[in-house]
Amino acid sequence: MFNIFESHSKKMQRKVRVRYAPSPTGPQHIGGIRTALYNYLFAKKHGGDFILRIEDTDQGRYVPGAEQYLIDSVNWCGFEFNEGVHIGGPHAPYRQSERKHIYKQYADQLIASGNAYYAFDSNEVVEAKRKEAEAEKKNWQYDQFTRMRMCNSLTLTDTETAQKLSENSSYAIRFKTPIAEDVVINDLIRGRVVVNSKQLDDKVLFKSDGMPTYHLANVVDDYLMQISHVIRGEEWLPSAPLHVLLYKALGWEDAMPEFAHLPLLLKPDGNGKLSKRDGDRLGFPVFPLNWTDPKTGEESSGYREAGYFPDAFLNILAFLGWNPGTEQELFSMDELVQAFSLDKVSKSGAKFSLDKARWFNQQYLQKKSASQLLALLKAQFPSNDLSDAQLEKIIDLLKPRSVFAKDILSASDYFFTAPSLYDTKTVEKKWKENSPQIVQELQEVFAAESDFSAANLEATFKAYLEEKQLGFGAAMPPLRLMITGFGEGPSLFDVMEILGKEECLERMEKVEAIKIATKN
RNA sequence: GGCCCGUUCGUCUAGGGGUUAGGACGGCAGAUUUUCAUUCUGUUAACAGGGGUUCGAUUCCCCUACGGGCUACCA
């Protein structure tokens, strides 16, 4: 007990160093980015470092561009690494393929200490064993119960082993899992998890191709890079006991990082964890940025291109599996860093909600000023001779009706082009027998006005209604139809003010067009 | 199959031995608005089931069910 306390407090004093360690097998989906984010938040909260390490020990699955994609994604979200493949650092290189020379010595060390052994069994032999067991509906694994019946340095004599090695026989190095030992993981999110080592198989640590497996490379690098906390997805929980055992076997128990296994992001439609292959199938992007598969050319859409703001996306991600325990929902990055805590991370998997995501973006859109949005949208507006002030007015008018910035763009057409088509439903419902006459009369009334401000237009309009004993419903919809082509939208007098007298009168001229040109 | 993790409104979640089980999204209704949207108000809806422990359990324990993960010389 005393010892546990001591080593615990020693760990608490360590400088916080966390890493995000993806395998470059394709674009990281939102779950991966969330893991990166939580690592970052945890690091910053504790004044620590955040490291990017690329775990590319499986050459067969390497996908070019995946690494850069991840870096671009993280940058778009607004956070950064302190060390990593792209920026270097005191523990460079940060790509495991470039650290290849490092791992063998630790595998050798494990063999020397009796914690690992050479396994000469071919893939076929092992596969055959599995198939055989499967046929009997049993499970077979290379473990403490079967290893003495296999071809390895445990069953071979030393000279036989030495001969095999000198013959350049293909071999792997397997971990010699301790016999029936309770392995304890004190997970920061899940609490105490105990697994008996007899359940574990003798995992390959070093592959016959000269590369380490994930397990070895991961533990070695975390140790060498002085990682204090391993924050990763729940899919790693089953191999955490192996990792703990490896730290012990390597004599690094005191330097072992703390573990925190994050809940998974689930598919919103049925079952299973969210995966890369879900692509666009789910009706929402699963990737932060657009991605084109270099092999198949298949394209997947990203949040950036879908129109999400990075700060909104960040907020959405942060809340998928974490909450501050207060009722605040909108968080800036700084606020997230302040509020983040691992013990507020939930234990169960979360399903993504498109509605909630849209709501977040809408909140962020409303918070942006017209000038901020103008900077974003100016180049995309159709060519026009409106002043920035007028464009900002348009933005302010359209903003409350929008979820994405691009919604403002698509709703602003009639400010730049006179409608040539008119909304069918509105025409059917609101364009009455007397509508042409009302529009014509209003045109005359407005033509007489020199003050084309929204306030004056409204007053004039109301005076006209008064005089003619008409209700709003008789005059407003037809007028709006003529000016914008739609049955709904922002305050029409504001629209007219921006459009100006000449343009408005011109649009009101085309009462005949209503009958021939409609749209849905 | 085995091992491990999980389970509060439809969704994200708060809470935690005694609460009217709270919030947000969505839905619905109403108010505001020339219309639409915004905004505001109200409303809808949950502790998987069964056993314990306890004066009392949704909260603690066990079992079951369900969901998920892992079970590769992939990560």
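Just so we're on the same page: letters track the sequence lines, and every chain starts at 1.
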Close N/O contacts between protein and nucleotides 32-35 of chain B (under 3.5 Å):
from: B/rU34; atom 1: N3; to: A/Arg480; atom 2: NH2; distance (Å): 3.2
from: B/rU34; atom 1: O4; to: A/Ser491; atom 2: OG; distance (Å): 3.0
from: B/rU34; atom 1: O4; to: A/Leu492; atom 2: N; distance (Å): 2.9
from: B/rU35; atom 1: O2; to: A/Gly489; atom 2: N; distance (Å): 2.7
from: B/rU35; atom 1: O2; to: A/Gly489; atom 2: O; distance (Å): 3.2
from: B/rU35; atom 1: N3; to: A/Arg480; atom 2: NH2; distance (Å): 3.1
from: B/rU35; atom 1: N3; to: A/Gly489; atom 2: O; distance (Å): 2.4
from: B/rU35; atom 1: O4; to: A/Gly489; atom 2: O; distance (Å): 3.3

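- Side-chain atoms of A/Asp221 and A/Tyr94 form no donor-acceptor pair, as typed in the model, at a separation below 3.5 Å.
- At least one cation-pi condition fails for A/Lys164 and A/Tyr171: the charged atom is not both under 6.0 angstrom from the six-membered ring centre and inside a 45 degree cone around its axis.
- Sequence order on RNA chain B of the closest nucleotides to A/Gly325 and A/Ile189 puts A/Ile189 first from the 5' end.
- If you take CG of A/Leu237 and P of B/rG67, they are 20 Å apart, rounded to a whole angstrom.
- Judged purely by distance below 3.5 Å, without hydrogens or angles, the side chains of A/Gln328 and A/Thr326 never pair a donor atom with an acceptor atom.
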Taking only nitrogen or oxygen atoms into account, show me every contact under 3.5 Å that the protein makes with nucleotides 71-74 of chain B, one pair per line with its distance.
from: B/rA72; atom 1: OP2; to: A/Arg130; atom 2: NE; distance (Å): 3.4
from: B/rC73; atom 1: OP2; to: A/Arg174; atom 2: NH2; distance (Å): 3.1
from: B/rC73; atom 1: O2; to: A/Ser208; atom 2: N; distance (Å): 2.6
from: B/rC73; atom 1: O2; to: A/Ser208; atom 2: OG; distance (Å): 2.8
from: B/rC73; atom 1: N3; to: A/Ser208; atom 2: OG; distance (Å): 3.1
from: B/rC73; atom 1: N4; to: A/Asp121; atom 2: O; distance (Å): 3.1
from: B/rC74; atom 1: OP2; to: A/Lys207; atom 2: NZ; distance (Å): 3.2
from: B/rC74; atom 1: O2'; to: A/Asp58; atom 2: OD2; distance (Å): 2.8
from: B/rC74; atom 1: O2'; to: A/Arg61; atom 2: NE; distance (Å): 3.3
from: B/rC74; atom 1: O2'; to: A/Arg61; atom 2: NH2; distance (Å): 3.4
from: B/rC74; atom 1: O2; to: A/Arg61; atom 2: NH1; distance (Å): 3.3
from: B/rC74; atom 1: O2; to: A/Arg61; atom 2: NH2; distance (Å): 3.0

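- Between A/Asn323 and B/rU13 there is no side-chain N or O to OP1 or OP2 distance below 4.0 Å.
- Under the 3.5 Å distance criterion, with hydrogens and angles disregarded, a donor-acceptor pair is assigned to the side chains of A/Glu441 and A/Gln437.
- In this structure, A/Ile408 places its CD1 atom 15 Å from C1' of B/rC36, rounding to the nearest Å.
- Only the P atoms considered, B/rU34 is 35 Å distant from B/rA45, to the nearest whole Å.
- In the model, A/Lys276 has a side-chain atom that pairs as donor or acceptor with a side-chain atom of A/Thr25 under 3.5 Å.
- We find that NZ of A/Lys347 is positioned 17 Å from C1' of B/rG69, with the value rounded to whole Å.
- With hydrogens and angles left out, the side-chain atoms of A/Asp355 and A/Ser353 include no donor and acceptor closer than 3.5 Å.
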- [ ] Encode nucleotides 22-30 of chain B as B, S and - characters from 5' to 3', where the letter depends on protein heavy atoms closer than 4.0 Å: B to the base, S only to sugar-phosphate, - to neither.
- [x] SSBSS----
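- Note on ring orientation: taking the six-membered ring where Trp is involved, the planes of A/Phe360 and A/Phe319 are tilted (angle from 30° to 60°).
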